[in-house]
2 protein chains.
Amino acid sequence: MTAIAPDGSNVDLRLEALVTDLIGRVADKWTMIVLDVLGEAGTLRFTALGHAVRGISQKMLTQTLRQMERDGLVIRTIHPVIPPHVDYCLTALGHGLGDAFCGVWEWAADHRDEIEAARRAFDQRP
Amino acid sequence: MTAIAPDGSNVDLRLEALVTDLIGRVADKWTMIVLDVLGEAGTLRFTALGHAVRGISQKMLTQTLRQMERDGLVIRTIHPVIPPHVDYCLTALGHGLGDAFCGVWEWAADHRDEIEAARRAFDQRP
DNA sequence: CGCCTTCGCTTACCATTGGTAAGTAGGCAC
DNA sequence: GTGCCTACTTACCAATGGTAAGCGAAGGCG
């Protein structure tokens with residue numbers, strides 16, 4: 001079941017590496033939260049997003065949004081007015097990822113207590 | 001629908017903050033990859049895990065595993081022999097998270113090409 | 001005219017995080 | 001005694017992220 005590519009490398013391993021790499025870039029805290037917020041709000045401006053994503057710095061917000069835009073997850077629309085007006089919404093790809101990640105949010109909400117209990121137990125060990 | 005707690009804070013907001021916090025700790029690159037590897041392999045020793053999780057440093061592996069153990073996601077079993085023998089496997093909680101995150105792996109595998117295309121398009125803009 | 005405000009950034013500086021590589025424990029084979 | 005085994009620590013350095021300040025261009029205000 002291990003196909004070999006023309007260059008001699010293992011295709012399955014290469015694919016796995018690529019997917020793992022992709023997960024590495026996408027599975028980060030801020031990306032997931034921005035994805036969730038935008039998924040629920042539809043369209044938001046930069047500052048509104050900044051308030052909705054509690055705790056994010058402007059720097060990380062711009063950085064995260066740029067990365068998401070580059071990955072085709074969000075669309076950035078600039079309205080050329082003064083003061084500037086820029087808004088963000090998810091692409092179909094972004095919605096897809098949001099839906100895929102939805103299960104994790106549900107899991108987190110459902111098992112919050114268990115995790116807190118596990119932590120307390122762990123912290124009280126000899 | 002916004003219940004108010006005895007201390008006056010908004011319960012929905014507090015819950016949301018807690019869940020967001022939890023996502024922040026759990027939605028990190030290495031945790032997700034370790035979760036996946038352990039989910040597929042069942043039980044692995046420290047060094048085997050280190051080889052399976054390509055690119056992780058020993059330091060981050062110990063750190064990630066400790067955190068996951070604290071959160072009740074993995075069980076760490078020490079066999080008191082020399083040289084040391086320690087193995088790791090997922091708890092039910094860990095399997096649950098792995099299953100919840102499974103959708104994201106599938107999404108990543110399915111949309112890899114679209115993302116790469118989006119990146120190329122982005123990188124070639126004026 | 002000059003000054004302040006607004007919004008979406010960008011930048012300089014510093015703290016925290018993560019990678020690299022070397023060390024440690026402790027028994028067992030040589 | 002020397003070296004090897006594994007699962008870590010640790011010291012040191014590079015990269016990442018937070019904080020806070022600045023910027024640019026138009027419009028309102030005195």
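The basis for the numbers below is simple: all heavy atoms, side chains too, and nothing from hydrogens, waters or symmetry mates. Labels below follow one simple rule: chain letters A, B, ... track the order of the sequence lines, proteins then strands, and each chain is numbered from 1. From a predicted model like this one, the values you see are computed outputs, not experimental measurements.
- The existence of a salt bridge linking Glu114(B) and Arg119(B) is excluded, since no basic side-chain nitrogen approaches an acidic carboxylate oxygen closer than 4.0 Å.
- Salt-bridge check for Lys29(A) with Asp28(B): failed, with every basic side-chain N at 4.0 Å or more from each acidic carboxylate O.
- dA20(D) atom C1' lies 17 Å from atom CE of Met60(A), rounded to whole Å.
- The phosphate of dA7(D) has OP1 or OP2 within less than 4.0 Å of a side-chain N or O from Thr47(B).
- Atoms CG (Leu49(A)) and P (dC7(C)) sit 15 Å apart, rounded to a whole Å.
- Of the candidate nucleotides dT6(C), dT9(D), dG26(C), dT9(D) has the atom lying nearest to any side-chain atom of Thr62(B).
- Of the candidates dG26(C), dT9(D), dA26(D), the closest approach to any side-chain atom of Ile82(A) belongs to dA26(D).
- Distance CD (Gln58(A)) to C1' (dT10(C)): 10 Å, rounded to an integer number of Å.
- When heavy atoms are screened at a 4.0 angstrom cut-off, Ser57(A) is found touching base atoms of the nucleic acid.
- The nearest whole Å value for the distance from the NE2 atom in His79(B) to the P atom in dC8(D) is 12 Å.
- The phosphate of dG19(C) has OP1 or OP2 within less than 4.0 Å of a side-chain N or O from Trp30(B).
- His111(B) and Trp107(B) have tilted rings, their planes meeting at an angle from 30° to 60° on a 0 to 90° scale.
- Note: NE2 (His85(A)) to P (dC9(C)) measures 11 Å, nearest angstrom.
- For Pro84(B), whose side chain is taken as the heavy atoms from C-beta onward, the closest listed nucleotide among dT6(D), dG8(C), dT9(D) is dT6(D).
- Using the six-membered ring where Trp is involved, His79(A) and His85(A) have ring planes that are perpendicular, over 60° apart on the 30 and 60° scheme.
- Which of dC9(C), dC7(C), dA7(D) sits closest to the side chain of Arg76(B) comes down to dA7(D).
- One interatomic measurement links the two molecules: CG of Leu61(A) to P of dC7(C), which rounds to 15 Å at whole-angstrom precision.
- Put simply, Leu15(A) and Val37(B) are part of the same group of oily side chains (I, L, V, M, F, W, Y) that touch within less than 4.5 Å, one to the next.
- Taking the side chain of Lys59(A) as heavy atoms from C-beta on, and the options dT11(C), dT20(C), dA7(D), the nearest nucleotide is dT11(C).
- Taking only side-chain nitrogens and oxygens, Gln63(A) comes nearer than 4.0 Å to OP1 or OP2 of dG17(D).
- Atoms CG (Leu44(A)) and C1' (dG8(C)) sit 15 Å apart, rounded to a whole Å.
- The interatomic distance linking Phe46(B) (CZ) with dT24(C) (P) rounds to 18 Å, in whole Å.
- For the pair Arg45(B) and dT6(D), the criterion of a side-chain N or O lying under 4.0 Å from OP1 or OP2 is not met.
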